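Counting starts at 1 for both ligands and their atoms, following the listed order. A quick note: this is a predicted structure, and the numbers were derived from the prediction, not measured.
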Amino acid sequence: MSTESPKPLPPGQQLVAPGKWPIIGERLPAQSDRPWTLEVGGLAQNVQTYSLAQLNEIANQSLLMDIHCVTRWSKLGVTFFGIPFKELMERAQVAPEAKFVSFVSRSERKHSTSLLINDAIELGTLIALQVDGQPLEQEHGGPIRNVVPGRYFYKSVKWLEKIEFLEHDRLGMWEAESGYHNTADPWREQRYMAPTIDKPTALKLIQSRDFSDRDLRSIDASDRDLANLNAKSAHLRDANFQGAILTDANFSSANLSNSHFEKSDLTRAQFVGADLEGANLCGADLRGADLTDASLIGASFFQTLPEELSAKIDSTTKISKTSLSPLTPEQQEYVLARLEGN
Ligand SMILES: Nc1nc2c(c(=O)[nH]1)N[C@H]1C(S)=C(S)[C@@H](COP(=O)(O)O)O[C@H]1N2
Ligand SMILES: [Mo]
């Protein structure tokens, strides 16, 4: 018998099913006939552009790391292979005033993320070409992505085309537009920066019961009476609805990534097409609720710790089976059994 104890997970994370690796964010690089290259430049004396063949030739390092996505799923023990960021940096002869590094994607929206150069080095950032002995698949950032151990996975861009050394930080796409934390240490649960609105404004909106189309990231609406709330297409990442009354509320097409609904009353609430990635629905009443086409990667419906909380789900709850497949096996089993009336 093995005496090895399971590896601890960072707070609020759960394991994906063995062999599963969700695709998050963009699914394809920008269409282009140009061959893949990697430019290492910005504030550097020896700006270089590497062809994919050159990168493969100098690739020399394996890196065993754990993936922690900000939407609460983790995948442990993935082996990447490629070139240490530090090595490319040394070759570039970076100017002393450079303090930050930006990793830029060949994607439609020129997706990027940034790190302090010192952090990028100390964490062991790798420019990866392979995973578990195979070339990286396109959907996971192939042929070239960076990977950063010890940071949420949004610091690892897919389809890396440029490494740029900077004197001042340039916030990445998720950091600037979704309010993701710029340090992103999963062990300190640095998921989001501070809320976007002050308390009096939040209170007014709560009284109006109209959140539609607004950016109310991290709003605290816990224990409020918000029956019939209109929150269509609202931006509600990290919002707190714990214990709130939300009967007949409409969250269709809302972004509710990492939101909290513990013990809330969601009877007949609408979540059609909503983003519920990483949302906590433990102990919520979901009878008559409609979650058709909602994205549920990393969402949870029951927990045993720190207290036992089980969502009320029955045959009147609408969740499509395909939406359930990215849940962890335990969560999936819990929901399915109740949908089928067991
Ligand atoms: N170009 C690009 N890189 C990206 C993203 C993206 O949308 N576009 N999303 C980030 C996020 S939030 C995560 S969790 C990981 C997901 O990588 P995966 O799809 O290989 O799991 O990629 C990161 N890098
Ligand atoms: Mo992510």
Between [X] and ligand 1, which residue portion shows a heavy-atom distance shorter than 4.0 Å: side chain, backbone, both, or neither?
X      : answer
Pro29  : neither
Arg145 : side chain
His111 : side chain
Trp21  : side chain
Arg109 : side chain

Just by distance, with hydrogens left out, do [X] and [Y] show a side-chain donor and acceptor under 3.5 Å apart?
X      : Y      : value
Asn46  : Arg91  : no
Asp185 : Gln190 : no
Thr125 : Asn146 : no
Glu277 : Ser257 : no
Thr292 : Asp290 : yes

Go through ligand 1 atom by atom and flag the ones less than 4.0 Å from a non-hydrogen atom of [X].
X      : answer
Ile23  : 19 (O)
His140 : 18 (P), 19 (O), 20 (O), 21 (O)
Gly25  : 7 (O)

Do any heavy atoms of Cys69 fall under 4.0 Å from ligand 1?
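Distance cut 4.0 Å: Cys69 passes for ligand 1.
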
If we only consider heavy atoms of Arg27, is any one of them less than 4.0 Å away from an atom in ligand 1?
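No; Arg27 lies far enough from ligand 1 that no heavy-atom distance drops under 4.0 Å.
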
Evaluate [X] for polar contact with ligand 1, using N/O atom pairs at a separation under 3.5 Å.
X      : value
Tyr154 : no
Val157 : no
Ile24  : yes

Among Arg109, Lys158, Arg145, which residue satisfies the salt bridge (charged side-chain N to carboxylate O under 4.0 Å, His left out) criterion with Glu26?
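Going through Arg109, Lys158, Arg145 one by one, the salt bridge (charged side-chain N to carboxylate O under 4.0 Å, His left out) with Glu26 is satisfied by Arg109 alone.
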
Heavy-atom proximity to atom 23 (C) of ligand 1, best of Ser112, Gly172, Pro22, Ser156:
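Residue with the shortest heavy-atom distance to the ligand atom: Ser156.
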
